[in-house]
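Here's the structure we're looking at; comments come further down.
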2 protein chains.
Amino acid sequence: MTQNSTVTGRASNKSNGKRPPGRPRSEHSRQAILRSTLKLLRQQGFPDLSIEAVAADANVSKATVYRWWPNRGALVADAFLESAEQELQFPHTGSVRSDMSRQMRRLIRVFRSSRGKVVAALLGGGQSDPELLEAFRERFLWPRRRQAYQTLQRGIDRGELPADTDLDLLLDSLYGPIYFRFLIRHDELTEKFADKICGVVLKNCGPA
Amino acid sequence: MTQNSTVTGRASNKSNGKRPPGRPRSEHSRQAILRSTLKLLRQQGFPDLSIEAVAADANVSKATVYRWWPNRGALVADAFLESAEQELQFPHTGSVRSDMSRQMRRLIRVFRSSRGKVVAALLGGGQSDPELLEAFRERFLWPRRRQAYQTLQRGIDRGELPADTDLDLLLDSLYGPIYFRFLIRHDELTEKFADKICGVVLKNCGPA
DNA sequence: TTAAATCCGAGACGTATTGTTTTGAATCTT
DNA sequence: AAGATTCAAAACAATACGTCTCGGATTTAA
């Protein structure tokens with residue numbers, strides 16, 4: 001199998017720089033497929049997304065989709081993750097609390113946008129497809145977590161946080177409520193919510 | 001339509017106590033269907049659950065299932081919610097913090113049990129089926145929330161919490177991290193986690 | 001310039017599952 | 001006994017699946 005999707009691994013070509021013979025993969029088709037996947041996912045949700053519909057919308061043959069992605073999950077994961085690769089950076093304001101609250105506000109903004117539906121589809125589908133959930137964690141969650149660690153560490157260095165702070169616990173306390181409201185939808189998810197959470201969790205950690 | 005599922009509304013019979021003519025609904029079949037649904041859901045997850053399999057496992061005709069439940073979602077919601085109706089009471093220890101942490105421990109225990117798979121299926125499916133999510137909120141979340149309000153109010157009355165506490169914010173801060181780890185699965189969800197969250201969120205609220 | 005390799009879109013194919021409908025029998029009220 | 005409603009079983013059309021074949025396009029290497 002020559003699966004070349006980002007999910008299944010194998011980023012670029014074989015180690016030598018030479019291009020193999022034969023017609024190269026159509027970058028145009030690849031992007032059209034990912035774009036149509038996002039588009040349909042915004043409308044229909046994960047379970048109702050059919051490969052047939054994606055192929056039709058992208059003006060592409062079904063076989064082309066099946067050639068490059070082993071299943072629907074890998075396709076959806078690639079579509080979302082490639083679109084969110086360079087997003088949601090952490091600011092450097094000089095205060096942990098405002099660094100965090102500002103980034104949390106950005107996340108909420110994404111969740112409220114049309115991209116939110118895609119994230120929900122990804123996490124919803126992930127509840128019955130471990131690979132889908134793992135792709136979300138590895139490609140979306142952890143990269144941001146690593147940045148968050150650094151942000152919190154700066155707070156420790158500045159004395160705003162105790163040196164023995166449990167960083168994972170703290171991050172789950174900050175982001176858990178956001179994901180909670182986002183996924184359960186029992187209460188509205190406004191950007192102000194970010195500040196309120198920080199008020200609860202980072203009470204004694206410098207200025208708001 | 002004469003849908004009689006608990007999800008779609010209309011709990012029992014028409015207001016008058018008289019039984020309508022005709023063969024009555026088979027209570028045996030109804031329970032067998034719900035039981036089989038739970039059983040299969042524990043094994044397979046929501047998207048792989050077929051009505052055919054449920055009917056076969058319950059020794060019941062497909063048409064019988066379709067007659068009483070409009071779709072898979074309603075069936076799953078009924079199956080889970082009927083099974084969790086009387087669960088997860090709040091204790092009265094005399095301290096908000098330990099009242100909350102003990103109930104949170106119970107919730108985590110449920111999430112870790114075989115019933116956790118059913119909840120995950122419900123919430124996962126709910127991401128693309130609004131009715132499913134609403135059923136979860138109305139039949140599971142809100143009843144417990146109402147108990148939680150009372151628990152927190154007792155804490156206010158005892159002076160452990162400020163009188164102007166934002167109860168919804170506080171509850172989301174306590175339970176959000178649990179649902180977060182449960183649904184994203186980026187870190188282990190142990191019962192000790194409940195105590196740690198309380199340590200962060202209820203720092204100054206009486207004994208642990 | 002030619003041959004080999006790989007890709008492309010279009011669409012047919014058999015399979016599986018869906019939700020609906022029909023049939024004949026069973027059960028209950030009046 | 002008559003009328004209503006249920007039941008299990010099975011046939012049904014519709015949809016999506018994943019695979020395959022076809023003719024043609026694009027690229028490298030000989």
Is there a side-chain contact between [X] and the phosphate of [N], meaning an N or O under 4.0 Å from OP1 or OP2?
| X | N | value |
| --- | --- | --- |
| T64(A) | dG9(C) | yes |
| W69(B) | dG19(C) | no |
| S29(A) | dG9(C) | yes |
| W68(B) | dT5(D) | no |

What integer distance in Å separates [X]:[atom1] from [N]:[atom2]?
| X | N | atom1 | atom2 | result |
| --- | --- | --- | --- | --- |
| D57(A) | dG9(C) | CG | C1' | 16 Å |
| H28(B) | dA8(D) | NE2 | P | 10 Å |
| R67(A) | dG11(C) | CZ | P | 18 Å |
| R30(A) | dG9(C) | CZ | P | 14 Å |
| D48(A) | dG19(C) | CG | P | 11 Å |
| E52(A) | dG18(D) | CD | C1' | 10 Å |
| L75(A) | dA16(D) | CG | P | 16 Å |
| Y66(B) | dG19(C) | OH | C1' | 5 Å |

Which of these nucleotides, [options], is closest to any side-chain atom of [X]?
| X | options | value |
| --- | --- | --- |
| S61(A) | dA10(C), dT20(C), dA8(D) | dA10(C) |
| K62(A) | dG19(C), dA16(D), dT19(D) | dT19(D) |
| A63(A) | dA16(D), dA10(C), dA8(D) | dA10(C) |

Report task. Would you kindly compare A58(B) and S50(A) by the position of their nearest DNA chain D nucleotide and give the one closer to the 5′ end? Result -> A58(B)
Check this for me: does any side-chain nitrogen of one of [X] and [Y] sit under 4.0 Å from a carboxylate oxygen of the other?
| X | Y | result |
| --- | --- | --- |
| D195(B) | R105(B) | yes |
| R72(B) | D129(B) | no |
| D187(B) | R137(A) | no |
| E82(B) | R30(B) | yes |

Requested in this report: Select base, sugar-phosphate, or nothing to describe what N59(A) touches, counting heavy atoms under 4.0 Å on all strands.
Outcome: sugar-phosphate
Requested in this report: Assess R144(B) against F140(B): is NZ or CZ under 6.0 Å from the centre of the six-membered ring, and within 45 degrees of the ring's axis?
Outcome: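 Pair R144(B)/F140(B) counts as cation-pi.
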